[in-house]
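Here the structure comes first, spelled out in structure tokens, and everything after it is commentary.
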Amino acid sequence: MRRGPAVEWFDRDEPKWMVALRRKAFDSFSKADWPTPQEEEWRRTDVSALDFSKYDYVEASSAESSAADSGSRRGKRAGIIEFENRRCAFSELSPELKEKGVRLVSLSEAVREENRTIEGLFEDSINRTVNRFQSWHYSQWTHGAFLFVPKFVEIAEPIVLTFNESGSGVFSAPHVVVVMESGARAVVIQRIRSGEEDEILCNEGADFVVSDAASLEFIRIEDLSYKSRFFNHSRASVRRDSAFKHLEVVFGSKLYKSRLEAVLEGSGGDLDLNGIYFAHKKQHVDISTIQRHAAPNANSRSFYKGAARQKGRTVYRGLIEVDRNASQTDAYLTNKNLVLNDGARSDSIPMLKINTNDVKCSHGSTTGRINEDQLFYLMSRGFAQDEAERMLIMAFFDDVILQSHPAVHDELHETIQERLD
Amino acid sequence: MSTPQPPVEIDDYKYGFAYPERSVFKTQKGLNADVVRAISKHKSEPEWMLEFRLKALETFFKRAMPNWGADLSDLNFDEMYYYAKPTPKQERTWDDVPDDIKSTFERLGIPEAERKFLAGVGAQYDSEMVYHNMRGDLEKKGVIFSDPESAVREHPEIVKEYFGTVIPYNDNKFAALNSAVWSGGSFVYVPAGVHVDIPLQAYFRINSQSFGQFERTLIIAEEGSFVHYVEGCTAPIYTTDSLHSAVVEIIAKPGARVRYSTVQNWSSDVYNLVTKRAVAYENATVEWVDGNIGSKRTMKYPSVYLMGEGAHGEVLSIAFAGSGQEQDTGGKVVHVADNTTSVITSKSISKGGGTASYRGLIRVEEGLSNIKSRVVCDALLLDEESKTNTYPYIEIDSDDVSMEHEARVSKISEEQLFYLMSRGMSETEASMMIVNGFLDPLVKQLPMEYAVELNRLIELEMEGSVG
């Protein structure tokens, strides 16, 4: 067991190139300072009081995590990979897909198999790290999943990635890599969770490649304990005529901070960044999305809806960035926030950075409480006030939920219902 | 029907003329405590003001430059002159103003405007107001319109009570700089119930090279009063940069209404870094109408603190960013009381590689009820290399709030152009009409002569931008 980020972490059974990449990331980690509120992206989330060296870097253990249950293996699926406390506990992929060349394995296994796609992706991500958390992640990632879908293979049912964490004062840094070759299609559902009493510091990362004419829908449902802290940095490369749809669902964690940067690199790309977040008790949720148009004729939309209750605080920062050559861009961003009581807090920062003129770019943001007229209407139809409120909150989130794959609808409804009780 | 546009030279800045500098007193280049003492001594200020200046200077040196906003990396504080006094004394009749200064303002059309449209005029040349005059009837009602130096001498009790209360000297680096070396500006006091029905105007002119102008304006509107204050700014074009860093404080007492209109047309070598803030008490209204046409870099976000129930704040911002310009402008409203409302409307145009940024804040403090706010930003990009950014910050800590924000970026639409051209207009005329239409909601808010002036400025800026 080791404490705090350290260079000894690298003496693992990994190919030289991965060790070299970890070292490179560790170098930039060592040179950087923790972000301070002087930096724009961290102005509303102060991490200066956190002691990152107190977390245990435990090796993957064979202990069952307290969050483990067979429930996640329910439902139709094309493949599943499950991690219990950073150890790959279960994986399954339909033989038909295996035959077609689809790979669903742990990231460590893919690295051991000398998968050079991963090397290229990591190298690129490490060269572009935006802060110390991200270089920390790339130097000390603990486990992860790798999905590869070859050319023109279409996977009808979802692929499920499950990360169960347990323990107290535990550091975990899962990484997800999804590589879609040209014309491939898939839906991936990732769940990350822990038991109520666990206290995890999770520093997650993801790299997505959506090649020409491919389509990927990725759904991430975070439901760690209220004692945990969660950081995520995701990058997506969206190429010519491809489609990338991402749904970010925030339920758990005392502190949640994520940054998703999707780059439309080829013309004709289509990007959807959706999200729902719900901060109650003393949760602090801080989300950034970047929809960057680096090529002409692409479309993008962001649609994030959040609610803050009790002493919860939410921050949503969404940027539409259009490069000089990205003419005929059509980009839109919507952020809607419900503040359910005094003392809850919601910040909305939609931004535009537009470097050329032949574009259609706009955003809209609203913040307020539950619509009085709608509430009155429902109550006049015989609903009690709290019932009516719950229905309206559910309907508020449904706008986003119903855009996603049906496989997660029930689960999301149930969890929101649970939170509202 | 459109009237043909008069032919204008491209990039014509008609205020670019300069007269030889003939200051009667000027401090050394650069900034230190001695310079501040010299300014204070020269103005025969009371001790408390000198102390205020020195404290502010210390803060200025301590504070880091902002790490956001417009690019200020070329701004060199050591190469500036911080104080230059153009005339031995301030005049109240136009004929007594020295000839070259008089002809400067005559070329800008100031005395004519005073006769025709204004209740009072102040004119500042480099560091000092050279002229201040107001209609006699207003003076009789107790309205004070003077430079702040005279106010410090003649009304120390009012100045002491309000000076630096809305914008403390340590508010930000540039407010600290202004607090240390401020000179000139306006002091406006409107007694309770007095309605100043035609605007008061101040005109600011930088004439010297590498010069820093730091005017300081304080407007106090007592209960139920009304005043509209208008300012205009120009400067000649030099090869070295100048700095304009003003502080404007407005206090609107219960039921008062203050409107502050600016048409800033600094030459393309002026850094315009201004702090403007107002407090509005019960049922008071403060409106900022902020037009930014000139300057090399502007960072200016007029703000309103809504301190009392029923207060209303409004910011209307127009920015025009041409080649080499960065207009980083916007507005801020902080809701501190129940039943308060605010509107921010921003319209910007970028052309020739210029950058126009909207940066704003709506903040609602905790535990308030019935708050309404709306922010709308429209940006028009006239060519491929121009840029626009939008950074609206929205911070809501109460639940009984209705907050809406939207922003749009567009170019001149082909359909609109086609329609107008099919009606017989040339492309230039049609573009002009679309741009004027885009700005119309704001231009309407300006007094007539300013609206005409603004339209004319935009015509000048637009010349040669199409085709």
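Numbers restart at 1 for each chain; the letters A, B, ... are given by sequence-line order, proteins then strands.
Atom-to-atom distance recorded for A/Arg43:CZ and B/Tyr393:OH is 5.5 Å, nearest 0.5 angstrom. Considering CZ of A/Arg324 and OG of B/Ser386, their distance stands at 9.0 Å, rounded to 0.5 Å. For the atom pair NZ (A/Lys353) and OG1 (B/Thr355), the distance works out to 11.0 Å, reported to the nearest 0.5 Å. Put simply, OG on B/Ser357 and CE on A/Met351 are 12.0 Å apart, with the number rounded to the nearest 0.5 Å. Remark: A/Asn341 CG to B/Asp400 CG distance equals 12.5 Å, nearest 0.5 Å. Atom CG of residue B/Asn389 and atom CG of residue A/Leu319 lie 9.0 Å apart, to the nearest 0.5 angstrom.
Neither the backbone nor the side chain of A/Glu372 comes within contact range of chain B; no heavy atoms are under 4.5 Å apart. Looking at B/Arg363, only its side chain comes within 4.5 Å of chain A, counting heavy atoms on both sides. Heavy-atom distances place the backbone of B/Ser402, and not its side chain, under 4.5 Å from chain A. Of the two parts of B/Leu368, only the backbone, made up of N, CA, C and O, holds a non-hydrogen atom closer than 4.5 Å to a non-hydrogen atom of chain A. The part of B/Asn67 that comes within reach of chain A is its side chain, from C-beta onward, which places non-hydrogen atoms under 4.5 angstrom from that chain.
Of the candidates A/Asn357, A/Asn355, A/Ile354, A/Asn355 is the only one forming a side chain to side chain contact (heavy atoms under 4.5 Å, CB included) with B/Lys387.
At least one side-chain heavy atom of A/Ser365 sits less than 4.5 Å from a side-chain heavy atom of B/Ile394. Put simply, the side chain of B/Val401 does not reach to within 4.5 Å of the side chain of A/Val339, judged on heavy atoms. By the 4.5 Å heavy-atom criterion applied to side chains, A/Asn337 and B/Ile396 are not counted as neighbours. Annotation: side chain of B/Lys411 is in contact with side chain of A/Asp358 (closest heavy-atom distance under 4.5 Å).
Of all the listed residues (A/Ser348, A/Cys361, A/Ser327, A/Gly368), the one sharing the greatest number of non-hydrogen pairs under 4.5 Å with chain B is A/Ser348. Per-residue heavy-atom pair counts under 4.5 Å with chain A were compared for B/Glu385, B/Glu384, B/Arg374, and the maximum is reached by B/Glu384. When the candidates B/Glu366, B/Met403, B/Glu406 are compared by the number of heavy-atom contacts under 4.5 Å with chain A, B/Met403 comes out ahead.
More than 12 non-hydrogen atoms from other residues, nucleotides or ligands lie less than 6.0 angstrom from CZ of B/Phe77. Enclosure of atom NZ in A/Lys336 is not indicated, since only 12 or fewer non-hydrogen atoms of other residues, nucleotides or ligands lie within 6.0 angstrom. Heavy atoms of other residues, nucleotides or ligands lying less than 6.0 angstrom from CZ of A/Phe383 number 12 at most.
Closest approach of B/Ser398 and A/Asp342 over heavy atoms only: CA-OD1, 3.3 Å. Shortest non-hydrogen contact noted between A/Pro350 and B/Pro392 is O-CD, 2.6 Å.
Shown here are the side-chain hydrogen bond (donor to acceptor under 3.5 Å, both in side chains) partners of A/Ser380, two or more places apart in sequence or in another chain: there are none.
Among pairs with a residue in residues 300-320 of chain B, those fulfilling salt bridge (charged side-chain N to carboxylate O under 4.0 Å, His left out) read B/Asp290-B/Lys300, at least two apart in sequence or across chains.
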Test side-chain contact (heavy atoms from CB on, under 4.5 Å) on A/Thr367 and B/Glu404; report intermediate values, then the result. CA-CA 7 Å; A/Thr367 305; B/Glu404 289 171 46; over 6 Å; no
After noting the C-alpha distance and the side-chain angles of B/Glu395 and A/Arg44, does the key distance pass the salt bridge (charged side-chain N to carboxylate O under 4.0 Å, His left out) rule? CA-CA 10 Å; B/Glu395 302 181 354; A/Arg44 285 139 219 276; 2.5 Å; yes
